[in-house]
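The chain is numbered in sequence order, starting from 1. Just follow the structure's listing: the first ligand is 1, and inside any ligand the first atom is 1.
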Amino acid sequence: MRQREETQPAFETQVISAVRQEEAGTIQGAKLIQAGELVAFPTETVYGLGANGLNGEAVAKIFAAKGRPADNPLIEHIAKKSDVRQLWSRIPKQAQLLMDTFWPGPLTLVAPKCDRVPEEVTAGLETVAVRMPQNKTARALIAKAGVPIAAPSANRSGRPSPTTAQHVLDDLGGRIPLIIDGGACKYGVESTVLSLVGEPTILRPGAITREMIAALIGEVRVSDSILKPMKDGEVAASPGMKYQHYAPAAEVIVILGKPEQAAKRINALYREAEAQGRIAEIAATEQTKHYYKGRRHLVLGDRNEPETLCANLFSALREMDTRADLILAEGISAEDEGLAYMNRLLRAAGFHVIDASND
Ligand code: AMP
Ligand code: MG
């Protein structure tokens, strides 16, 4: 369970509803961005914490508010495709097709950067990550600001990414002036990050899957670090991969195996934990919830539709963290959107996995 930390509030954080007052929210947000301040805003993936993407000093405030390591680069968000020309020094050959097919949407493309992109955004890399979001409020904010908006997820560094304005307020209340509330995010996991420098390589999986990208541009590599911890001394293709991520304060264990095997093992672990006086909770699915009757559990979605699990994962981790000190989660097949799910879940668990498939 998470302890609240004491911080000195620097701002009275205002929350403006994008449903009732989109115009007012984006006008005020754009003014803040132009003044070099931070704004949290909804996207279809997770909430972003944005600053003027051409102003290094403004971008530095993002790292301070999140407690983010300085060597973890951000994504530039744009409102129209042609704006990539402001950010990339050249457009890689597969980029146009990918942009025409998947933008606006949850796909981030990495390509060589222009000089005007501040080093705070790229953490000193020669490449910059760019995305055109699908969320209309996000695009209205960027268009009104008149500059690309550099943004990572709007959580305190290391915590699960925020999928509601309340999550952002819980993490960053008092640290930022404005949150635009666009309701719950559609996908619930961060964008797919695809590098187009050299062989196309997925650095982070998301709702635009390897299968969808390969159908368009041919074979794509998937970075080794997606389902494995990075080894000491290994250089991260995507620096974000090397950090402890998405972690609730509770211990998280992932249990692999067929649904029945996994559920049996989870119930044994649950009994053991409770006998030790711990409070356990199970991250369950529609297919397995009947195994957990009488035990604390939360149904995240359907094992055969991993996008439903993705949509609920981060909010479920935050919710269970308020009740439990041990979270027992079923692993699923790492295919299609299951790859994004397992990538986030394994990191939340610090790669603590129990394989029940031979039980
Ligand atoms: P977040 O969405 O909060 O995870 O932050 C942006 C993610 O994009 C991080 O995981 C970064 O590692 C990744 N990223 C941003 N820029 C680059 C880049 N130039 N090359 C590779 N990965 C990047
Ligand atoms: Mg993040």
Side-chain angles (χ1 to χ4, degrees), residues 38 40-51 53 59 62-63 65-78 84 87-90 92 95 106-114 117-131 133 135 138 148-163 167-168 171-172 185 187-208 221-226 230 234-248 310 313-314 317-318 340 343-344 347-348:
L38 306 185
F41 62 98
T43 83
E44 68 278 15
T45 58
V46 302
Y47 275 73
L49 180 62
V59 170
I62 294 175
F63 289 83
K66 284 185 56 111
R68 183 176 175 100
D71 64 349
N72 194 1
L74 312 181
I75 295 169
E76 294 274 16
H77 293 73
I78 57 177
V84 291
L87 301 165
W88 288 341
S89 59
R90 63 180 177 84
L107 176 66
T108 296
L109 299 173
V110 175
K113 77 177 192 83
C114 288
V117 179
E119 63 179 12
E120 287 83 355
V121 172
T122 64
L125 295 174
E126 287 306 309
T127 55
V128 64
V130 183
R131 175 164 103 84
N135 182 289
I149 294 187
S153 51
N155 51 293
R156 287 301 297 270
S157 199
R159 299 252 302 137
S161 295
T163 57
H167 296 159
V168 181
D171 275 22
L172 299 175
C185 299
Y187 295 108
V189 290
E190 303 84 346
S191 59
T192 306
V193 178
L194 178 67
S195 170
L196 295 176
V197 181
E199 230 182 304
T201 304
I202 294 178
L203 304 178
R204 176 173 75 184
I208 305 295
R221 284 191 50 225
V222 175
S223 167
D224 291 340
S225 51
I226 281 177
M230 301 234 351
E234 196 174 337
V235 178
S238 187
M241 287 289 184
K242 72 180 182 219
Y243 293 106
Q244 166 83 32
H245 250 89
Y246 318 122
C310 284
L313 175 64
F314 290 139
L317 288 174
R318 283 176 180 261
N343 170 263
R344 306 313 191 278
R347 278 180 167 68

Inset, instruction - Select one of side chain, backbone, both or neither to describe which atoms of Val110 lie under 4.0 Å from any atom of ligand 1, heavy atoms only. - result: side chain

Legend entry - Closest approach of Ala340 to Cys310 (non-hydrogen atoms, all atoms of both residues): CB-SG, 4.3 Å

Legend entry - Location of contacts on Arg68 toward ligand 1, heavy atoms closer than 4.0 Å: side chain

Inset, instruction - Taking the side chain as every heavy atom from C-beta outward, state whether Arg204 and Ser191 have any pair of such atoms under 4.5 Å apart. - result: yes

Inset, instruction - Ignoring angles and geometry beyond distance, decide whether Glu190 reaches within less than 3.5 Å of ligand 1 through its nitrogen or oxygen atoms. - result: no

Inset, instruction - Examine ligand 1 and decide if any of its atoms is less than 4.0 Å from a heavy atom belonging to Leu203. - result: yes

Inset, instruction - Look at Ser153 and state whether any of its N, O or S atoms is less than 2.8 Å from the Mg ion (ligand 2). - result: yes

Inset, instruction - Any chance you could lay out the side-chain contact (heavy atoms from CB on, under 4.5 Å) test for Phe41 and Ile149, step after step, and finish with the verdict? - result: CA-CA 11 Å; Phe41 62 98; Ile149 294 187; 4.0 Å; yes

Inset, instruction - Please determine if Glu190 and Arg131 form a salt bridge, counting it only when a charged side-chain N lies under 4.0 Å from a carboxylate O. - result: no

Legend entry - Heavy-atom proximity to atom 14 (N) of ligand 1, best of Gly48, Ser195, Pro73: Pro73

Legend entry - Student check: side-chain heavy atoms of Asp171 and Arg318 closer than 4.5 Å: yes

Inset, instruction - Check ligand 1 against Ile75 and write out every atom of the ligand that is under 4.0 Å from a heavy-atom position of the residue. - result: 6 (C), 8 (O)

Inset, instruction - Indicate yes or no: does an N/O atom of Arg204 lie under 3.5 Å from an N/O atom of ligand 1? - result: yes

Inset, instruction - Could you list the atoms of ligand 1 found under 4.0 angstrom from a heavy atom of Ala129? - result: 15 (C), 16 (N), 17 (C)

Legend entry - Heavy-atom closest pair, residues Thr43 and Gly48: CG2-N, 4.5 Å

